[in-house]
Amino acid sequence: MHLGKVMVIFGTRPEAIKMAPVIKELKKVEDIQTVITVTAQHRDMLDQVLSLFKIVPDYDLNLMQKQQDLYSITTGVLNGLRDILMKEKPDLVLVHGDTTTTFVAALASFYERIPVGHVEAGLRTRNKYSPFPEEMNRTLTGRLAELHFAPTDTARENLLMESVAAFKIWVTGNTVIDALLDTVHPDYQFPADFPAIDFSRRLLLVTTHRRENWGSPMRDIYNALIELAEQFKDVEVIFPVHRNPIVKDMAMEMLGGRERFHLIDPLDYEPFANLMRKSYLILTDSGGLQEEAPSLGKPVLVLRDTTERPEAVKAGTVKLVGTNHQAIIKEAKLLLSNQAEYDKMAMAINPYGDGKAAQRIVKVITEFLYVRIGSSN
Ligand code: UD1
Ligand code: UDP
């Protein structure tokens, strides 16, 4: 029996990584037709993930521009989705997380009266401008969604506080753990063209891209890295630099060519995830890394003032240090020079999932489509 059509819409690297397990599970259900639409808010960083997980989009808006801003992404996604949604008339649209693609795809679906399932629902800092614009993107998506797939109990509580009906929320775990467990292997061999990293040194893995860190906070972060590398000669800094020119230009200008710094292109997810496993300490403003690193037993210093992922902070493997140069140095120094402090943080914990989140999500979707057919007969 044909249960219905599900359209999965996403546009950036992290959405693709976290939707890949859901797509894999959806495709196992013969009675559901799965249609994939990418906005390509990211291009090469998205394509890296599509090729790793062998995802072939049915529609590709190919939106990315080198100088895009929030206005051009918003209008591009909204206008681009109109004809696709009108033509395909899916029974459900699935979106992920908190990007502008996420929010605008949910809005376009609402305009077509198509129900929306929100994967990774309910993350909140309660600060409209941090992270910006993600906090508002996910809050507004939550208002528009019909099915809320919350990764943790905390996320569920957040949704309940916003008066989302309890029967519309499922705690599923985060699909990033499904993707990670599929990708990290103890016997993984890095590709032959991988940068010449000295794995006998302690590796500091760094990523930055948050809009609220652009400018002086990012300068502070990079200055702290320079000082740390000067103080600890047994350390190498590995920094796959985000393609955003605002991030890339400053990173290259301040850190390029320095001894024991590897500024490299964004890595494919497979080498990146396995590099996390080999690193000593992770410094990042990313959301996804805060979920992945704890399950690999890697301490994370979060270069932000707020986090929507309090679970690993509570468990002690993630520390919110902000962007103050002295604060970053103080916390990193402690972990680089005090083994007991390091060991306290380097625990493998898994508050974000058991690798079966996608199965749970697809089970709910299947039931949703059954009920929908029943109620339309
Ligand atoms: C976006 C999302 C953010 C998400 C992040 C994941 C919004 C507003 N922001 O931020 O929520 O956490 O993606 O990485 O939705 N670029 C390339 N190639 C790529 C990708 C980006 O060259 O494959 C460059 C382009 O110059 C582009 C710029 O990066 O204009 C910025 O991309 P954008 O999606 O606007 O911002 P992100 O910081 O990636
Ligand atoms: N990642 C990757 N290659 C890299 C850097 C990050 O595949 O060079 C992965 C990382 O493992 C995580 C995701 O990209 O799953 C995080 O993306 P990003 O930091 O851009 O976005 P956020 O998590 O903040 O939304």
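Counting starts at 1 for both ligands and their atoms, following the listed order.
Taking CG of Asn137 as the start and CZ of Phe132 as the end, the distance is 9.0 Å to the nearest 0.5 Å.
Of all protein heavy atoms, the one closest to atom 32 (O) of ligand 1 is Gln68 NE2, 3.2 Å. Taking atom 30 (O) of ligand 1 as the reference point, the nearest protein heavy-atom neighbour is Gln65 O, 2.8 Å. Given atom 8 (C) of ligand 1, the protein heavy atom at minimum distance is Thr100 OG1, 3.1 Å. Among all protein heavy atoms, the one lying closest to atom 39 (O) of ligand 1 is His42 NE2, 2.5 Å. At the shortest separation from atom 31 (C) of ligand 1 among protein heavy atoms lies Asn244 ND2, 3.1 Å. At the shortest separation from atom 9 (N) of ligand 1 among protein heavy atoms lies Gln41 NE2, 3.6 Å. For atom 1 (N) of ligand 2, the closest non-hydrogen atom on the protein side is Phe272 CD2, 3.5 Å. Scanning all protein heavy atoms for the shortest distance to atom 19 (C) of ligand 1 gives Asp44 OD1, 3.2 Å.
Under 4.0 angstrom from ligand 1, there are no non-hydrogen atoms of Pro266. Only the side chain of Thr12 comes within contact range of ligand 1, with a heavy atom under 4.0 Å; no backbone atom does. For Thr101, no heavy-atom contact with ligand 1 is shorter than 4.0 Å. For Lys18, no heavy-atom contact with ligand 2 is shorter than 4.0 Å. Only the side chain of Arg210 comes within 4.0 Å of ligand 1, counting heavy atoms alone; its backbone N, CA, C and O stay farther away.
Contact annotation: His242 has at least one heavy atom less than 4.0 Å from an atom of ligand 1. At least one heavy atom of Ile73 lies less than 4.0 angstrom from ligand 1. Heavy-atom distances between Glu134 and ligand 2 stay at or above 4.0 Å for every pair.
The option with the heavy atom closest to atom 22 (O) of ligand 1, from among Lys66, Arg138, Lys248, Gln48, is Lys66. In this structure, of Leu267, Thr284, Asp98, the residue bringing a heavy atom nearest to atom 3 (N) of ligand 2 is Leu267. Scanning Arg211, Met64, Glu134, His209 for the heavy atom closest to atom 36 (O) of ligand 1 points to Arg211.
Other residues, nucleotides and ligands contribute over 12 non-hydrogen atoms within 6.0 Å of the NZ atom of Lys5.
In this structure, Phe194 and Phe190 have tilted ring planes: the angle between them lies in the 30° to 60° band.
Atoms of ligand 1 lying under 4.0 Å from at least one heavy atom of Pro245, given by number and element, are 26 (O). Counting the atoms of ligand 2 from 1 in the order shown, those under 4.0 Å from a heavy atom of Gly287 are 22 (P), 23 (O), 24 (O). Near Arg43, meaning under 4.0 Å from any of its heavy atoms, are these atoms of ligand 1: 19 (C), 23 (O).
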